[in-house]
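Each remark here refers to the structure printed beneath this line.
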There are 10 protein chains.
Amino acid sequence: MKLHENLQALGSSATAYRYDNPDPSLLESFPSPFAIGELNPVGATGTIHIECPEFTCLCPLTGQPDFARIVIDYQPDKLCVESKSLKLYLGSFRMFGEFHEAGVNRICNDLVKLLAPVSLTVRGEFTPRGGIPFWPTAEYRKP
Amino acid sequence: MKLHENLQALGSSATAYRYDNPDPSLLESFPSPFAIGELNPVGATGTIHIECPEFTCLCPLTGQPDFARIVIDYQPDKLCVESKSLKLYLGSFRMFGEFHEAGVNRICNDLVKLLAPVSLTVRGEFTPRGGIPFWPTAEYRKP
Amino acid sequence: MKLHENLQALGSSATAYRYDNPDPSLLESFPSPFAIGELNPVGATGTIHIECPEFTCLCPLTGQPDFARIVIDYQPDKLCVESKSLKLYLGSFRMFGEFHEAGVNRICNDLVKLLAPVSLTVRGEFTPRGGIPFWPTAEYRKP
Amino acid sequence: MKLHENLQALGSSATAYRYDNPDPSLLESFPSPFAIGELNPVGATGTIHIECPEFTCLCPLTGQPDFARIVIDYQPDKLCVESKSLKLYLGSFRMFGEFHEAGVNRICNDLVKLLAPVSLTVRGEFTPRGGIPFWPTAEYRKP
Amino acid sequence: MKLHENLQALGSSATAYRYDNPDPSLLESFPSPFAIGELNPVGATGTIHIECPEFTCLCPLTGQPDFARIVIDYQPDKLCVESKSLKLYLGSFRMFGEFHEAGVNRICNDLVKLLAPVSLTVRGEFTPRGGIPFWPTAEYRKP
Amino acid sequence: MKLHENLQALGSSATAYRYDNPDPSLLESFPSPFAIGELNPVGATGTIHIECPEFTCLCPLTGQPDFARIVIDYQPDKLCVESKSLKLYLGSFRMFGEFHEAGVNRICNDLVKLLAPVSLTVRGEFTPRGGIPFWPTAEYRKP
Amino acid sequence: MKLHENLQALGSSATAYRYDNPDPSLLESFPSPFAIGELNPVGATGTIHIECPEFTCLCPLTGQPDFARIVIDYQPDKLCVESKSLKLYLGSFRMFGEFHEAGVNRICNDLVKLLAPVSLTVRGEFTPRGGIPFWPTAEYRKP
Amino acid sequence: MKLHENLQALGSSATAYRYDNPDPSLLESFPSPFAIGELNPVGATGTIHIECPEFTCLCPLTGQPDFARIVIDYQPDKLCVESKSLKLYLGSFRMFGEFHEAGVNRICNDLVKLLAPVSLTVRGEFTPRGGIPFWPTAEYRKP
Amino acid sequence: MKLHENLQALGSSATAYRYDNPDPSLLESFPSPFAIGELNPVGATGTIHIECPEFTCLCPLTGQPDFARIVIDYQPDKLCVESKSLKLYLGSFRMFGEFHEAGVNRICNDLVKLLAPVSLTVRGEFTPRGGIPFWPTAEYRKP
Amino acid sequence: MKLHENLQALGSSATAYRYDNPDPSLLESFPSPFAIGELNPVGATGTIHIECPEFTCLCPLTGQPDFARIVIDYQPDKLCVESKSLKLYLGSFRMFGEFHEAGVNRICNDLVKLLAPVSLTVRGEFTPRGGIPFWPTAEYRKP
Ligand SMILES: [Ca+2]
Ligand SMILES: [Ca+2]
Ligand SMILES: [Ca+2]
Ligand SMILES: [Ca+2]
Ligand SMILES: [Ca+2]
Ligand SMILES: [Ca+2]
Ligand SMILES: [Ca+2]
Ligand SMILES: [Ca+2]
Ligand SMILES: [Ca+2]
Ligand SMILES: [Ca+2]
Ligand SMILES: [Ca+2]
Ligand SMILES: [Ca+2]
Ligand SMILES: [Ca+2]
Ligand SMILES: [Ca+2]
Ligand SMILES: [Ca+2]
Ligand SMILES: [Ca+2]
C-alpha cells in the first residue's frame, strides 16, 4: 500500500482554486505512518507542526483585508492532513469575512472533523489593526 | 445572530477619541464563538493573545510621558473584547498620570469586570526611566 | 490652506474596497509640505520610505495566490501620495493575475503618473515559490 | 567657561511639560566642543546621531494617536542641541495633529533655525496605519 | 491616599549620588496597589520584572571595573520598590569591590529586608572576564 | 500578446526532474515587461533579485554533498528568466561534482547566454566544510 | 580500551557515499562514556543534541527535491551514535522519495534499533512547499 | 574572613598556562557566600550560570581541532569555583584529543569532585563537523 | 626587535587603576607591523577597529552615571595603541563629569596625539537619558 | 585538465596537523576557473569571500589563548586558494604567539605570495580581552 494512493490535489495540474467560502471538502488526509506497525515497530509517538504564513481573509464589518500566520500543531491518531489540500483549504478564506476568533475556531473544528486526532491546536497570528495584533488560539484534546 | 451585531466603535466614522481619563465605558464585548455550540461542536478551548505596543500615559509625580507595550492574554468565558474599543480604552490613558504598577492593575480590573473571563493577564512592558525598565504584571484567575 | 482639504478616503466611513483589478483611480495625492516655502523656509529636501507588507495577488498561469512586501521610496516634487488611498490601490490587486516583474512595473508607472516625482522606486519582495523568492525592482528618475 | 553655563532644563526640578503645540522655544543649545580650539587642537570633525523612540502626535483628520521613532543626524557648526530640551520640544507634539511629512519637515526647520548647522537630517519612522508604515525624511545642507 | 506620598528621590532636584559603598538606606518603598482592595477588587496577583543594564562595581582583588545587567523579579506583599531609589542604590556599588556571587546575594538580601515580598529573585548577568561570563542568581521565597 | 505564452515548465504537471548534469536547456525566458513601451511608458529601469536557498551538488574529489544559497541579481535587457525553469536548472546540479568557484562561474555563464542581460551577478553562499564557508561570486557586465 | 576502537567511517579516506536508499547499515555506534563507571564515577546522566541542517530527499509523488534540518535528541543507555556514520546515513536519503512524516518516523526507528536508548526524538524541520513548512516529530521512550 | 583569601590564580602575574592535558588540579574554589549566614540572613538559594565560548581541543582520531562553547550551571553547597582557575582548567584541553561526549563527561566529573555541589550541569556546544553539530550534556544531582 | 619590548601595562601584575580624571599618560603605543618592511613586504594597508562596550563616566551637571560603547577606527602610520593601556585610559573617566560630545572629542584628541595616525574616528554610543540616546562622533584625517 | 589535479590535502587520509608555527608551505592553489576562457566565455569577474570562525593562537606576552574569526576577501588573478590547505595553514598558528595586528598582516602577506591576486583583504575579528575586541584588517591591491 502507498500512503498517498488516494490523494488528488498533490501533483495534479488541474488544481481549481476556490476563494469565496471556507470549504472543508478541499481537505484530504492520508494514513499516519506512525499508526502503521510495520513502519513504526518501536512505537514512536508522532506530532506535526505546521506554519501557514500566507493566510488572508476579510473583515466581516469593514470588508478590509486581514492577514495572519496560521500555526497548527497536532498529534495524529489514524490520519494526517495532506499539505497541498491544506493550502487549498486555507486559500478558500480569501474573500470571506469573519472575526479573528471565529476563523481560528472554524479551522480547528474542520481539521478535528477530518482527522479525529489525539489533540490539535490552531493559532492565528494576525497582523495589527489599529496598531494592535490579536492572536486567538483554539485547542482541542480528544476526551 | 451575527457575533458583531451590537458593536459600535468598529467601522464607525464618528469615533470620538478621549484622552483625559481611563474610561472603561469605552470597552465593548461580543459573544465568544468558542462558547457557541453550533460554531464549536468539538468543544475546543479558546484563548486570545493581544499586544498593544503604542500605550502612553504620564508620570503622576513629574508629569513626563511614559511609554509601554501592553500585553494581554485571556481565556474567555462567554465574552470577547472587541479590538477597536480596546484601542480607544487604552488611548484614554494618554493624559493621565499613574504609577506603572497601578496602571497595569487598573487595566486588568477593568477587563475582568467587562468579560468575566476564566483567566486574564496584563503585562506592561514600560520603556526605561533612569536606564531601568519596570514591567509589572497582573494575573487574574476565576475563583 | 489645509494640506488635506481634498482627500476623500482618509477618515471616511463609506470606504468601498475593490479587489478585481488594479485601479490607479483609487490613488489620491496632497501638496508636499517640502514644496511649500512658508512650511520649509530652510529648503530641506524631503523623501518618503513606505513598506506594504500585506500585498497579495494571483499567479496569471496557475491562479494560486502570491504574497509580497511592496517597498516604495520616492522624492516628491509637488505632490505626496496619501496613505489610505495607497492601501486601497494596492488592495485592488487581490484577485488579479500578473507576473511579479509586471506587477512591480505597473505600480511604479501608476505612482509616477500620479505624482510626477523627482524619483521613485518600487521593490516587490515576493515570498518563495518552489523554494525561491523573486524580488523585482522598478526605478524611475525624472529625466 | 563651562559648556553648559546657560542651560536651564537639564537638572532642573521645575520642568513644566507642554503638550498642546510644537514649541521651538523649548529648544536650548550649548557651544560645540568641536568648534573650540583649545578642546579640539587636532581639528577633528564632530557629528551627532540621536534617536527618539518615544515620539507621539495626533492624526490631523481622525484625531487618532500616531507613534514614531524620530532619528536626527547633524554636523554642528558653532552650536549643539541640549538633550533634555530636545526631549521637551518633541514632547510638545503630544496633543498636536499633523501629517507625517509635515511634522518631520517642521522638526528639521526648527532645529536648523536653532543651530545653523553644517548639515542636519530628520527621519520619522512612524508605526503602521492600515498595515503600512510611512517614513518621511527631511535633509538640510548649508548652502 | 496617594501611593507616592512618602517618596523622596523621585522628582527631586537635590539628588545626591553616593558611589563609595552599597547603601540599603537609599532604597524607598510605596504601598503595592495590588494589595489595596479598592484598587484591585477582582484580587489579581501582581508581579514586577526589572532590568538594570547599567550596573558596575569593582573586582575586590584586582580593582578592575566589572559590569553587569541586574535582573530582578518579585511578587510584592504589601510594598513595592520605587524606581529612582533603586537606581540610586545600585549606583552606590560603583566604587565598591566584591565577588559576583556576593554582590548578587547582597542585593537580594537588601531588597527582601525592604519589601518582605512573597518571593524575589536577583540575577547578575556580568560581562566576560578572561572570555568567560559568570551569572549568579539569588532566589528568595517567603517560608 | 501574453508575457508567458511560450513557457512550458510553469503550471505543467509533466515536469521531469533531471539530476545528473547541469543542463542549461532547462532554462526558459519571457519578454521583460520593463522593455515593452506600452507596459512601461515612464521608462523605469528594472532589476531582479533572486535567492535559491536549496542548492546542492557534490564535491568533485570526495563525492560528499555540498549545500549553498545561490543569490542572483540582474538587470534584464529584453528577457527575464522564468522561475520554475530556474528551479529545474539549479536542481540538475544535484548529482554533479564541481568546485564551488567553477559552479558559480558556470551558472553565471549559462544565464548570460540565455538572457543577454545588461548585468548579472551570481553568488554561492556555500555551507562550511572543515568549519570554513567559501562564498564565490561571478559578476558580468555587458561590455 | 579506546571508545572508538571499532569505528570505520571516521578518519577513513575510502568513504563511499551511497545516495539511492536510506541505509541503516551505514550507522555505527561506540560505547557511551556516561555508562562507563571509571569515566563517570559521580554518575552524571548524559544526553546528546544533534542538528543536521543539510538533509535532502525527494517528494514521492512529484520527484521534486525536499530539504530539511533534522534535529535529534537522545539519552543513551550503553551506546552513542558516531558522527560521521550519521552523516553518511542521512546522506543516503538523497535520491529517495518519501513523505515528510514517514521519513522522520524511519530515522527514529533506525536509530532506536541501533542504540536501544533510554529515549530518542527526531524532528524534521522541512522547508516550505506551497508556502507552508511541515515539521513532523517522532518521539520514543523506552517502555 | 575574606572569601578569596586562599585564591592563587586570580590577580597573579606568574600564571603558567598548561595545554597538554586536562588538569583538574588547576581548579580552585572559594566559600559560597550563599552558605554563610551572616551574608545571607534571608536564606536565599544561589545558582551560577557560566559560559565559556572559547573552548578548543583535538579530535582523538584525526587530530584536527574541535571548538565548543562550554555552558555550566550549578547550585553550590559550600563552595564556588573561581573564574580564572576555571579558565586555566578549560585551557588545559587545548592539545588533548577526546570525543565530545567524553570531554563533557570529564568536565562534569572534575567539577563535582571539586565542589560537591547540590547539582551541576555541563553542556558542550561543539561547532559542526561534516556539517553536523553534536552537543552533549552531563547532568549531576546530589543523591 | 620585539614589537612589544617597551610595553608596561600588558602582563603586569602591579596595575594601578586610576578613576578620578581622564589621563592620556596611561596610553602606550608599539611599532605598527604594517609599517615594518620585513614584516609587510607586499605593502598591505592596515586598519584597526576597536569596541569598548564598558565605558562609564558621570554627567557634569547632575552627577548621575553615563554609560557608552566607545568605537574606535584608525589607520596607523608608525604606531599602534596597546590594548591594555587603552583599557586603563578609558577606565580613568569613571568618576569624571563631561558632556557626551566633549568626552568623545577628548578621546579622539588624546589618541591622535599619541599615534599621529593617517586617520582616526571615535564614536560614543551612549545609552538613553530621558529615553533618547545621543551618539557623537569625532573624525580626524591627517592634513 | 582537471582544476584539482595537483591538490594534495583535500580528500587525503594522511593529513598531518602542525600546530607549532605558521607554515605558508601548507597552502595550496589551483587554477582559477574565472581565468580559463573555455569555462568563462562571457568574461565574468570572480571574487571569493571566506570566513574562518575557528582561528586560535597565543598572546606573545602572557601566553594566554586568543580566538578570532578570520575573514578573507580576494579577487583572484590566475590562482585560487584550496580550502583544506587553508584550514591546515590557519591551524598552524595554534601554539604560536603574536600580536593581533602582526598575525593579520602575516596571513595577508602569505596569501598574496601564494596567489598574486588582483586584490586581497584579511580581517581578524578577535574576541575581547579586558572587555575590548581588537579587529585589525590588512588590505592589498596589486599595484
Ligand atoms: Ca505531509
Ligand atoms: Ca495598523
Ligand atoms: Ca477580535
Ligand atoms: Ca532612560
Ligand atoms: Ca502621509
Ligand atoms: Ca548632549
Ligand atoms: Ca514603579
Ligand atoms: Ca575577555
Ligand atoms: Ca518571474
Ligand atoms: Ca561524537
Ligand atoms: Ca515554497
Ligand atoms: Ca566568581
Ligand atoms: Ca563543517
Ligand atoms: Ca593589539
Ligand atoms: Ca574552493
Ligand atoms: Ca573580558
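Labels below follow one simple rule: chain letters A, B, ... track the order of the sequence lines, proteins then strands, and each chain is numbered from 1. Please read these numbers as outputs of a predicted model, since none were measured by experiment.
- Contact between G:Asn109 and A:Asn40 at its shortest, heavy atoms only, is ND2-OD1, 3.1 Å.
- Put simply, NZ on A:Lys87 and CZ on G:Arg129 are 11.5 Å apart, with the number rounded to the nearest 0.5 Å.
- Residues meeting the side chain to side chain contact (heavy atoms under 4.5 Å, CB included) test with A:Ser32, sequence neighbours left out: A:Phe34, A:Ala35, A:Pro76, A:Cys80.
- In this pair, A:Phe30 and G:Phe99 present their aromatic rings perpendicular. The plane angle is above 60°, beyond the 30 to 60° band.
- Proximity to chain G (any heavy atom under 4.5 Å) is shown, for A:Glu51, by both the backbone and the side chain.
- The shortest non-hydrogen separation linking G:Gly131 to A:Glu54 is CA-OE1, 4.1 Å.
- Comparing A:Pro53, A:Gly46, A:Cys52, A:Pro41 by heavy-atom pairs within less than 4.5 Å of chain G, the highest count is held by A:Pro41.
- Of all heavy-atom pairs between A:Leu86 and G:Phe134, the closest is CD2-CZ, 4.0 Å.
- Considering every non-hydrogen atom in both A:Ile50 and G:Ile132, the closest pair reads CG2-CG2, 3.5 Å.
- Within the model, atoms CD of G:Glu98 and CG of A:Leu39 stand 8.0 Å from one another, a figure rounded to the nearest 0.5 Å.
- Proximity to chain A among residues 136-143 of chain G is limited to G:Pro136, G:Thr137, G:Ala138, G:Glu139, G:Tyr140, judged by heavy-atom separations below 4.5 angstrom.
- A 4.5 Å side-chain heavy-atom check between G:Arg106 and A:Pro33 finds every atom pair outside the cut-off.
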